[in-house]
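Computed over heavy atoms, backbone and side chain alike; hydrogens, waters and symmetry mates excluded. Chain naming here is simple, since letters A, B, ... match the order of the sequence lines and numbering starts at 1 in each.
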Amino acid sequence: MPPVKRKLFNLDQYQVPRGKVQIISERCKGCSLCLEYCPNKVLAWSTDYNFKGYRYPVLEETEEKYCISCRFCEEVCPDFAIYVTTELTAKPQSTQGK
Amino acid sequence: MSEGFRVAYFPGCTLKTDARDFESSALAVARALGIEVAELSRWNCCGTVYSLDAVNLMPRLASVHNLIRAEEEGFSEIMTLCSMCYNTLKQTNNLFTSKNNGLAAINDFLCLKPGYSGRVKIYHFLEFLREKIRPEQVKNLVVSPLDGVAVAPYYGCLLLRPKEIAIDDPEKPEILTPILSALGAKVIDFPLNNECCGAYQTAMHQEAVVRRTYRIINSAQSEGADMIAVSCPLCHYNLSALQGLVRSTHPGLKAMPILYFTEVMARAMGLDYRTGVRVIPQDVAAAEARLRPSPNDPGREAVK
Amino acid sequence: MKIILGNSHPQSLFAQRIEALSRQKLFACYQCGKCSSGCPMAESMDLLPNRVIREAQLNNEPALMSCRAVWFCSSCFACAVRCPKGIDIARIMEAVRTLQMMDGKSITEKPSCEDNGTLPQIALISHFRKFNM
Amino acid sequence: MTRLGVFICHCGKNIARTVDTEALREKAATLPHVVLAKDYLYLCSKPGQTMIADDIREHHLDRVLVAACSPRLHGKTFAQTAQRAGLNPYLLDMANIREQCSWVHIDGAEGTEKAFSIIKGGLGRLLYAEPLEPFQSPVTKRVLVIGGGIAGIQAALDIANSGYEVYLVEKLPSLGGHMAQLGETFPTLDCSSCILTPKMVEVSQNEHVHLLSYSEVTGIEGNIGQFQVTVRLRPRYVDETLCTGCGDCVPTCPVVVPNEFDQGLGARKAVYLPFPQAVPAVYTIDWDACLNTDKLIICENCYKNCEAGAINFLMEPQEKMFEVGAVVLATGYELMPVAHIGEYGGDGYEDVIDGLQFERMLSASGPTGGVVRRPSDGRIPQNVVFVQCSGSRDPEHGIPYCSKVCCMYTAKHALLYKHAVPDGQAYVFYIDIRAAGKGHEEFVQKVMSEERILYLRGKVSKIFKSGAKLVVWGADTLSGRQVEIEADLVVLAMAVIPSSGSQKLARTLHIASDLSGFFSEAHPKLRPLESNTDGIFLAGAAQFAKDITDTVSQATGAAGKALSLLANDFIKLEPTISGVEEGLCRGCGLCVSICPFGAVKMLPSTRTGAMVAGINPILCKGCGLCAAGCLSGAITLKGSSFKQIFAQLEEMV
């Protein structure tokens, strides 16, 4: 039997920032830096191509995976194609970390 | 398929009679996995139970005879299928690895030259599967996966206790999990999977064993099991044949198919192994039939 | 029944015989009762396993020689693997059975195989070997 | 010309019963160099000692043999007698004619003969004895206290309040230890943190205390009076001097992990204060959980929100070195993991928790705000089973000893549960109730009678899940019945074991620990506060499982021991240590590896410059292992030289 992962009693007392990812797909040249560095892995490749012919990042949020507004994608994007607005704070759904 | 290997096989009484399906399915599975199984050409009863009397050596003789047979035929290892044979042979053999063990006395008594060396190793088929076969090898052979079928492995006592002979953690056995998973089954870990079924008490104290049967099946059922996989003909009998008696006091208990783990494997691998001697109650057989019609199922032979 | 301990007590002979037959340390038992807690057959026993050991410690021969509990033990070793003191209680049960048998008290019930032809031989033989030696 | 005196003690009848002391005296008087032989009823008595002192002076005795009891008992007594009479105490020796002679012989003739042989041996040894002088070593008037739980806090306060400097080193971000986690304490039910927090604040504000939290002792060199300590300060990534404890960093931190302080039942962020009353009240970034790595700063949310500018992702670990004269070890305990007990589900069931987890639930500042809840669904449990001796008293699967505190805290748990859930049922499985403290038995009795808690005498064999409930298989050995309980919550009183870092620390400090891993005391009865290394003292559960009362008592005692050491400017050390004859040393270094105390080092000879063994007189315990091991006979144990030992043997055989 694997060790149990207990629910944390006071999770509702904690809030985490939630960001809204804005992607300017036409600026993207598909370098993949944002996908690689996103700590919560909320970005995925698009299925279609932008007019330059590149796949670009799209948001893929779930209950557990949502933008935590660290804004690192903003910093690493060489083409200023992605930015984040912190919109709300969310209740954490599960434990995170490296 | 991996390179084949050859093992000496000790069947025991019941695998040649009531539990013939256990033997035939195990042999079919072994063949499919490239294991060459060589039945000892001469063997006798294992003794069925290991005597716990520390003084009297006589009850060990049956086991020792088999160990000597194995050495005579040049085997250093014996594989067993029946949990009881495994337990008895292994406990007897363990006795000879300790000092002041009575081996000399037994050899003197038997007047056999050279007598038993004390060096044969006893394995259960499950240990072979764990150590020599990778789950992917099993998976590759599956033709009709058990998708969605919830199988609860039931280990009972004889494979796990006493701890010197345990083939797995006595409190958290999971040796069958990778195999059943490889067959595509949903493995049900139920809390009573290492509890005794009452064993040979069934001959004299049937009512006590029926109580055990109820508790074990009920536990597996409430964890969502569709069937129970066993490794001992006695467990099989107590859990399967006594279900009718259980239902006289617990009418709510649904019929639970009880299969040897090798049968579960053989069916998923599409191997034909039926010998036609299975003795199972009608409703258990019906439940089994409802569970999953196998593509090359030669038909049911429910008796009684 | 009051047990009179002291010089008139017969020198723990019975307890010593149990120890010799089982090669277990009777007096290592501190009566925690874990063996009884998990025994699958205890519902049918007149004395719980820990009581069997206790009566042996008390050298209470009459109690153990008339005890039915030992005949319900199916040697599943659930007690032995969990005993905090490493005592193999199943062996003590077997020792008491042996002593009862030596006293000719054993075979009071016959296997019910006559009226159940389906009983597999493994059940019959193991039952016979366990209880009729 | 040597003038020997022999004094033979009757020890009442202890010696005189089987040894003819008078005959012995007469025979002893005839031995070479003996100028005086006397026998006396009790030599250790004041008149006895005075007699010896007077005789030394009057008869100009230059060596004295006292044939009496073991030198362990009265060696010091007679050494002082010799000193008072002006004789070097190392020229007075004892011949033990009691323990292995008079006590073990029944036959008088045999006893007397053996006593004579022992005396002859003693005289032989004494003839080659040399006068020795004790030497001195300075004492650094500072103390290191390792561990910031209640034991460490108490010891640090007692020492600091006496005016001495203390370094208090705590591994975790805050002081408090396990006591800070507890709800209420037995048997008085006072609030644990209410009585602890003032002490935490007091110790952190004491001008003599240097508090080093989030730090670990990584090295200790030296010896009693002068220990050179190295402490590694882990980076908090928050500047302690700038952090105001405002907590503005927390809301924007995106990482939530289980809080260790809540035993994994509550949450915290990657930047956190373990609990509201934490001391120091500064935040810490848990680098293992933080999104940032040493190479990459991904998230700066806390940094951006910290108005005090206290966040510093580039903080490095620091080393701090200082010297102290004494060390108090107060590293505490932990509970054996539930995973150890397979038959109780290992760590597989959410609603099977340990005693400390239950404490967090009972604590008003805990993750449930003091409400008892099931971890699986948050419901109030109606049936709670407490299992004592989970891992304790179980040499086969756990630890052989009794963890000492579980009987009491389980009774308290049952009581507090009943107070919280009056219509709930609590069951306690026990083997024996051990409530041998002041007010303890009364407390347990009260819990049983007033709270109507059902105590069941039997050890639980198996716990498993059945639906939403837990099934507990137990026995009531008093009625001789099996018991089965469907419980909502099971609390295991897990065994108390030494804290996980203590073995490493024992190696760093060169001190012994027992089979269970607790630090060994120098003597189980007479020196329970001292380790086997001089100057290192033990406090609290680091030595063995104990409750708060005993912990505080021992901490104060250990502080007292440290203070009595610090009261001296110098410490006197016994001269009976090893010495090296440099000319004979071949420099093989065998002695270095033999010495268990690290007292031997290879050093260049002052005369020849060749590498020879050198003994650190302060570290040397005089065990003689190096002398016995030396291949060239270069090492001598002073006071037990080979000459002395061979002379003794020669006289005896």
_Contacting region of B:Asn238 [heavy-atom separation from chain C under 4.5 Å]_ =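 Neither; nothing under 4.5 Å.
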_Can you tell me which portion of B:Cys82 sits under 4.5 Å from chain C's heavy atoms? Options are side chain, backbone, both or neither._
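Looking at B:Cys82, just its side chain touches chain C.
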Polar side-chain atom of [X] near backbone of [Y] as donor-acceptor pair, under 3.5 Å:
| X | Y | result |
| --- | --- | --- |
| C:Glu94 | B:Leu52 | yes |
| C:Gln121 | B:Thr17 | no |
| C:Arg129 | B:Val49 | no |
| B:Tyr200 | C:Ser74 | yes |

Heavy-atom neighbours of [X] [atom1] exceed 12 at 6.0 Å:
| X | atom1 | answer |
| --- | --- | --- |
| C:Tyr30 | OH | yes |
| C:Met65 | CE | yes |
| C:Lys25 | NZ | no |
| B:Arg247 | CZ | yes |

Interatomic distance, [X] atom [atom1] to [Y] atom [atom2] [nearest 0.5 angstrom]:
| X | Y | atom1 | atom2 | result |
| --- | --- | --- | --- | --- |
| B:Thr14 | C:Leu124 | OG1 | CG | 9.5 Å |
| B:His205 | C:Arg68 | NE2 | CZ | 6.0 Å |
| B:Gln206 | C:Leu119 | CD | CG | 8.0 Å |
| C:Phe77 | B:Leu160 | CZ | CG | 12.5 Å |
| C:Ile122 | B:Cys46 | CD1 | SG | 7.0 Å |
| B:Glu171 | C:Arg82 | CD | CZ | 4.0 Å |

Nearest non-hydrogen partners of [X] and [Y], listed with the distance:
| X | Y | result |
| --- | --- | --- |
| B:Lys163 | C:Ala80 | NZ-O, 4.4 Å |
| C:Ser126 | B:Thr48 | CA-OG1, 3.3 Å |
| B:Gln201 | C:Trp71 | NE2-O, 3.0 Å |
| C:Met41 | B:Gly198 | SD-CA, 4.2 Å |

_Region of C:Ala95 in contact with chain B, defined by heavy-atom distances below 4.5 Å_ =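 Neither part; nothing is under 4.5 Å.
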*Tell me the residues of residues 44-53 of chain C whose non-hydrogen atoms fall below 4.5 Å from those of chain B, in number order.*
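From residues 44-53 of chain C, the residues near chain B are C:Ser44.
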*Between B:Cys13, B:Cys157, B:Ala208, B:Pro162, which shows the greatest number of heavy-atom pairs under 4.5 Å with chain C?*
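Among the listed options, the one with the most contacts to chain C is B:Pro162.
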*If you count heavy-atom pairs under 4.5 Å between each of C:Pro40, C:Ala123, C:Cys73, C:Ser75 and chain B, which one has the most?*
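Highest number of heavy-atom pairs under 4.5 Å: C:Pro40.
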